[in-house]
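Here is how names work: the chains are called A, B, and so on, in the same order as the sequence lines, proteins then strands, and each is numbered from 1.
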Amino acid sequence: MRFAPSPTGSLHIGGARTALFNYLFARAGGGRLVLRLEDTDFERHIPGAEEGIIQSLRWLGIDWDEGPDVGGPYGPYRQSERLDIYRREAGRLLAAGLAYKCYCTPEELAAEREKARKAGRAPRYNGRCRELTEAEQAAKAAAGMKFALRLKVPATGQTVVEDLIHGPVVFENATLDDFIIMKSNGVPTYNFACVVDDATMGITHVIRAEEHLSNTPKQILIFRALGYALPVYAHVPMILAPDRAKLSKRHGATGVEEFRAQGYLPEALFNYLALLGWSPGDEREILSREEIIRDFSLTAVSKHAAIYDLQKLTWLNSQYMNALPLERLLELALPFFKAAELVGETLVPGEREYVLRVLETVRSRARTLVELADMACYFFRDDFTYDPKGVQKFFTAPGVPELLRAGKETLARVENFGLAETEAAYRELIAARGISGGMLIHPTRLALTGRTVGPGLFDIIVLLGKERCLERLEKAAAWIEENAVRK
RNA sequence: GGCCCCAUGGUCAAGUGGACUAAGACACCGGUCUUUCAAGCCGGUAACCCGGGUUCGAAUCCCGGUGGGGUCACCA
């Protein structure tokens with residue numbers, strides 16, 4: 001099987017899901033997966049797109065057995081490097097009389113189409129050049145006119161696509177026209193290059209998005225003309241944006257790279273994408289790569305398009321954030337921590353252990369790595385500000401600075417700075433003052449973190465350590481006095 | 001518009017003629033836990049597009065509507 005993107009942009013989740021299904025099918029059935037770049041349109045070619053696509057696929061954990069970057073016995077794997085192969089195959093068709101030269105200009109054809117559209121007819125090529133005599137052809141060639149190659153399509157009969165997901169899909173040949181297989185610049189069109197490659201690369205299964213279903217009869221006709229055996233087709237349903245339309249840039253972040261930047265985990269996206277159009281048939285939703293590979297089957301793929309749901313992806317992401325080994329989470333989170341300048345380029349001795357402890361206490365609250373870095377912020381930096389709403393709520397009562405200093409003194413006296421010890425000390429202070437726990441705990445959290453929400457207070461206290469707690473409590477007390485916060 | 005595909009809650013999705021008084025998940029709502037916020041746990045609202053057939057029996061099969069999507073390039 002193969003995944004064949006064109007380097008005209010970044011990999012969006014629709015393409016990623018198609019790649020994923022190819023990958024799953026290959027790995028489940030012991031087949032080979034080949035990555036092929038369809039880069040015959042040099043005008044839409046975007047420099048760097050190929051690298052971006054490869055990077056996105058690898059980040060997701062999808063790998064392939066043959067491709068432009070890893071080589072293989074059927075290379076090259078970029079269509080732009082296979083032009084001689086297409087020309088050779090096209091030459092065969094021409095010689096066999098299965099294709100012919102068309103001297104019509106793009107302008108003429110566009111005019112024809114416009115006329116057909118106005119007349120309410122389907123725009124079809126009229127086959128004008130099909131019956132050109134030798135003499136007429138020679139004349140046009142002598143005049144230096146450029147030509148494209150068209151395939152002779154039978155005017156009658158049917159072409160049937162035997163699709164693994166949809167079953168047989170029948171197309172009337174009469175609805176097709178003599179389409180172009182080689183452009184006048186000597187470059188093949190998509191359908192032709194695709195077929196030649198699938199045939200010469202030994203592709204047995206073509207798994208692609210349903211938008212290609214209507215191309216398939218044309219490709220089958222080319223296969224037959226060339227005399228190659230047909231692959232098995234499976235057209236997977238499309239992924240639609242929440243407005244039910246095909247994915248496009250106006251739908252915001254739909255690229256794999258963007259999800260990555262927003263702090264989604266490859267494990268979560270992999271799992272989510274697999275669930276879009278496929279299910280194991282039971283109630284399991286959180287599945288490992290191995291489970292998915294083991295249970296995946298094309299016949300279990302649904303027929304209808306799916307609308308992706310960011311909320312469910314986010315939920316899955318949070319599930320993975322909580323279930324992954326801490327070491328793995330650290331690896332994934334580190335780039336985000338570095339970007340937020342919570343840690344430096346390299347971790348100083350002991351820092352790794354500290355970060356792991358932070359992750360452990362914070363991760364159940366974060367749904368993405370971006371949120372994680374944000375929530376971990378005050379464990380690494382002192383330069384936070386106090387949440388204004390929190391200030392209103394917890395810093396305005398009279399006596400708060402004094403209370404915070406009392407808390408400071410209390411903590412200062414704790415010998416063994418552990419969870420039980422610090423809490424016991426604080427509870428004692430609360431009891432001695434005859435106040436409710438919240439009256440001390442909330443201002444303390446705000447003083448220590450700048451926030452009103454977060455992990456349990458004593459988890460924070462212990463993790464920050466005595467020294468920083470005392471500093472921050474004093475700093476907050478002074479801040480309140482300086483800023484004369486009053487109700 | 002022609003051709004093609006599709007149709008179970010807002011979304012993903014189980015279901016392949018009787019086990020359907022239609023699973024499960026996300027989201028939403030309520031409760032519980034609690035120093036806050038999450039997480040967790042418990043519970044709730046919510047669906048077979050419509051109309052005809054076939055059948056003892058239809059979410060499931062057939063036909064027709066309707067709706068949604070895709071595609072109609074010397075793009076891929």
Q: With no hydrogens and no angle check, just 3.5 Å: does a side-chain donor-acceptor pair link A/Arg82 and A/Thr200?
A: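 A donor-acceptor contact under 3.5 Å links the two side chains.
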Q: Distance check needed: B/rC12 C1' versus A/Ile286 CD1, whole Å only.
A: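 That distance rounds to 14 Å.
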Q: Taking any heavy-atom pair under 4.0 Å as a contact, classify A/Pro455: base, sugar-phosphate, or nothing.
A: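 Base contact.
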Q: Considering only heavy atoms and no angle criterion, is a donor-acceptor pair shorter than 3.5 Å present between the side chain of A/Thr189 and the base of B/rC74?
A: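 Check fails, no donor-acceptor contact within cut-off.
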Q: Suppose you measure atom P in B/rC3 against the same atom in B/rG65; what distance do you get, rounded to whole Å?
A: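 Between the two P atoms, the distance is 12 Å.
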Q: Should A/Lys183 be listed as having a side-chain N or O under 4.0 Å from OP1 or OP2 of B/rC75?
A: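 Yes, such a contact exists.
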Q: Would you check, one step at a time, whether the test salt bridge (charged side-chain N to carboxylate O under 4.0 Å, His left out) holds for A/Glu285 with A/Lys312?
A: CA-CA 11 Å; A/Glu285 298 236 287; A/Lys312 184 145 184 179; 3.0 Å; yes
Q: Mind checking A/Leu275 for me? I need base, sugar-phosphate or nothing, with any heavy atom below 4.0 Å counting as a touch.
A: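 Here A/Leu275 touches the backbone only, sparing every base.
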Q: Please report the interatomic distance CZ(A/Phe3) to CD1(A/Ile53), rounded to the nearest 0.5 Å.
A: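 So the gap between those two atoms works out to 7.0 Å.
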Q: Does the B/rU36 base have a donor-acceptor partner in the side chain of A/Arg451 within less than 3.5 Å?
A: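 In this structure, the two groups form no donor-acceptor pair.
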Q: Find the distance A/Asp177:CG to B/rA73:C1' and express it as a whole number of Å.
A: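 Whole-Å distance recorded here is 11 Å.
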Q: I'd like to know if A/Asp177 pairs up with A/Arg150 as an ion pair, taking the criterion as any Lys NZ or Arg NE/NH1/NH2 lying under 4.0 Å from an Asp or Glu carboxylate oxygen.
A: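 Salt bridge flag = no for A/Arg150 with A/Asp177.
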Q: Over all strands shown, is A/Thr452 touching base, sugar-phosphate only, or nothing at heavy-atom distances under 4.0 angstrom?
A: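 Base contact - A/Thr452 has a heavy atom under 4.0 Å of at least one base atom.
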Q: Can you tell me how far P in B/rU16 sits from the matching atom in B/rA22, rounded to whole Å?
A: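 Between the two P atoms, the distance is 16 Å.
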Q: Measure from CG on A/Asn271 to P on B/rA25 and round the result to the nearest Å.
A: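 Value for this atom pair: 15 Å.
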Q: Can you tell me the Watson-Crick or wobble partner of B/rC3, both distances under 3.5 angstrom?
A: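 Check on B/rC3: paired to B/rG70, both distances under 3.5 Å.
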Q: Look at all strands and tell whether A/Thr444 reaches a base, only sugar-phosphate, or nothing, counting heavy atoms closer than 4.0 Å.
A: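 No contact at all - A/Thr444 keeps every heavy atom at 4.0 Å or more from the nucleic acid.
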Q: Distance check, P atoms only: B/rG51 and B/rG69, in whole angstrom units.
A: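 So the two P atoms sit 23 Å from each other.
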Q: Determine the Euclidean distance between corresponding C1' atoms of B/rC56 and B/rU66; express it in Å to zero decimal places.
A: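 Going atom to atom, C1' in each nucleotide, I get 31 Å.
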Q: More 5' along RNA chain B: A/Gly437 or A/Pro5, using each one's nearest nucleotide?
A: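 Nearest-nucleotide comparison on RNA chain B picks A/Gly437.
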Q: With a non-hydrogen cut-off below 4.0 angstrom, is A/Met238 in contact with a base, only sugar-phosphate, or nothing?
A: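 Sugar-phosphate only.
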Q: Pairing check on B/rA59: which nucleotide meets the Watson-Crick or G-U wobble criteria with it, both distances under 3.5 Å?
A: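 The base-pairing partner of B/rA59, which may sit in any strand shown, does not exist here.
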Q: Flag the pair A/Phe179 / A/Tyr125 as yes when their ring centroid distance falls below 6.0 Å, and as no otherwise.
A: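 Not close enough - the centres of the two rings lie 6.0 Å or further apart.
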Q: Figure out the CD/C1' separation between A/Gln79 and B/rC75, and round it to whole Å.
A: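 Interatomic distance, CD of A/Gln79 to C1' of B/rC75: 12 Å.
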Q: Hey, does A/Arg284 reach any base, or is it just sugar-phosphate, or nothing, if we go heavy atoms under 4.0 Å?
A: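 Answer is nothing: A/Arg284 stays at 4.0 Å or more from every strand.
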Q: Which whole-number value in Å describes the distance from A/Glu50 CD to B/rA76 P?
A: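 One finds 16 Å between P of B/rA76 and CD of A/Glu50, rounded.
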Q: Ion pair present between A/Asp197 and A/Arg2, side-chain N to carboxylate O less than 4.0 angstrom?
A: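 No, A/Asp197 and A/Arg2 are not salt-bridged.
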Q: If you look at every strand shown and take non-hydrogen atoms under 4.0 Å, does A/Gly277 touch a base, only sugar-phosphate, or nothing?
A: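 The answer is sugar-phosphate, as A/Gly277 gets under 4.0 Å only of primed atoms, P, OP1 or OP2.
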Q: Can you tell me how far P of B/rA73 sits from OH of A/Tyr190, to the nearest Å?
A: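 From A/Tyr190 OH to B/rA73 P: 15 Å.
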Q: Are A/Arg427 and B/rU35 close enough that a side-chain N or O sits under 4.0 Å from OP1 or OP2?
A: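 Affirmative; the distance criterion is met.
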Q: Which value, in whole Å, describes the distance between the P atoms of nucleotides B/rA7 and B/rG24?
A: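 Comparing P positions in B/rA7 and B/rG24 gives a spacing of 23 Å.
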Q: Is there a donor N/O on one and an acceptor N/O on the other, under 3.5 Å, for the side chain of A/Ser364 and the base of B/rA38?
A: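 Side chain to base: pair present.
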Q: Counting side-chain heavy atoms from C-beta on, which of B/rC74, B/rG70, B/rU35 comes nearest to A/Glu211?
A: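 In terms of side-chain proximity for A/Glu211, the closest of B/rC74, B/rG70, B/rU35 is B/rG70.
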Q: What contact category does A/His235 fall into here, base, sugar-phosphate, or nothing, at under 4.0 angstrom with non-hydrogen atoms?
A: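 Since no nucleic acid heavy atom lies under 4.0 Å of A/His235, the category is nothing.
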Q: Between A/Asp39 and A/His45, does any side-chain donor sit less than 3.5 Å from a side-chain acceptor?
A: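 Result is no, nothing qualifies.
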Q: Using a heavy-atom cut-off of under 4.0 Å over every strand shown, decide if A/Ser302 touches base, sugar-phosphate, or nothing.
A: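 The answer is sugar-phosphate, as A/Ser302 gets under 4.0 Å only of primed atoms, P, OP1 or OP2.
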Q: What interatomic distance, in whole Å, is found between P of B/rG2 and the corresponding atom of B/rC20?
A: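 Here B/rC20 and B/rG2 have their P atoms 43 Å from each other.
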Q: Output the single nucleotide from B/rA25, B/rU35, B/rU36 whose closest atom is nearest the side chain of A/Trp315.
A: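 Closest of the options to the side chain of A/Trp315: B/rA25.
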Q: Apply salt bridge (charged side-chain N to carboxylate O under 4.0 Å, His left out) to the pair A/Arg405 and A/Glu409, showing each step before the final yes or no.
A: CA-CA 6 Å; A/Arg405 289 201 173 96; A/Glu409 301 304 324; over 6 Å; no
Q: Using whole Å, what does the distance between atom P of nucleotide B/rC74 and atom CG of A/Asn191 come to?
A: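 One finds 11 Å between P of B/rC74 and CG of A/Asn191, rounded.
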Q: Could you measure between the two P atoms, the one in B/rC37 and the one in B/rG18, and give it in whole Å?
A: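 Looking at atom P only, B/rC37 and B/rG18 are 49 Å apart.
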Q: If each of A/Glu285 and A/Ser279 is mapped to the nucleotide of RNA chain B with the nearest heavy atom, which maps nearer the 5' terminus, i.e. the 5' end?
A: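 Residue closer to the 5' terminus by nearest nucleotide: A/Ser279.
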Q: Heavy atoms under 4.0 Å, any strand shown: does A/Gly454 hit a base, just sugar-phosphate, or nothing?
A: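 Base contact.
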Q: Do A/Ser248 and A/His12 get their side chains close enough for a donor-acceptor pair, meaning under 3.5 Å?
A: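 There is no such pair (donor and acceptor under 3.5 Å, judged by atom type) between the side chains of A/Ser248 and A/His12.
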Q: Using a heavy-atom cut-off of 4.0 Å across all strands, would you classify A/Gln319 as base, sugar-phosphate, or nothing?
A: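 Here A/Gln319 touches the backbone only, sparing every base.
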Q: Touch check for A/Cys102, heavy atoms < 4.0 angstrom, all strands: base, sugar-phosphate only, or nothing?
A: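 Result for A/Cys102 = nothing.
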Q: Is A/Phe147 atom CZ crowded by more than 12 heavy atoms from other residues, nucleotides or ligands, each under 6.0 Å away?
A: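 Atom CZ in A/Phe147 is not packed in, count stays at 12 or less.
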Q: NA contact type, A/Lys246, heavy-atom cut-off 4.0 Å: base, sugar-phosphate, or nothing?
A: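 Answer is sugar-phosphate: A/Lys246 comes under 4.0 Å of backbone atoms only.
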Q: Distance to the ring centre below 6.0 angstrom and angle to the axis at most 45 degrees; does that hold for A/Arg44 and A/Phe42?
A: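 The answer is no; the distance or angle limit is not met.
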Q: Taking a pair as Watson-Crick or G-U wobble with both distances under 3.5 Å, which nucleotide is matched to B/rA19?
A: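 B/rA19 is paired with nothing.
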Q: Produce the list of close N/O pairs, under 3.5 Å, pairing protein atoms with atoms of nucleotides 1-11 of chain B; give distances to one decimal.
A:
from, atom 1, to, atom 2, distance (Å)
B/rC5, O3', A/His166, ND1, 3.0
B/rC5, O2', A/Glu210, OE2, 2.7
B/rC6, OP1, A/His166, ND1, 3.3
B/rU11, OP1, A/Arg244, NH2, 3.3
B/rU11, O2', A/Ile307, O, 3.4

Q: Which is true for A/Asn215 with a 4.0 Å heavy-atom rule: it touches a base, it touches only sugar-phosphate, or it touches nothing?
A: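 Answer is base: heavy atoms of A/Asn215 come under 4.0 Å of a base.
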Q: If the C1' atom of B/rC63 is compared with that of B/rA47, how far apart are they to the nearest Å?
A: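 25 Å, rounded to whole Å.
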Q: Mind calculating the distance between CZ (A/Phe458) and P (B/rU36) to the nearest angstrom?
A: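 Rounding to the nearest Å, CZ of A/Phe458 and P of B/rU36 are 12 Å apart.
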Q: Does B/rU35 pair with anything, Watson-Crick or G-U wobble, both distances under 3.5 Å, and if so, with which nucleotide?
A: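 Base partner found: none.
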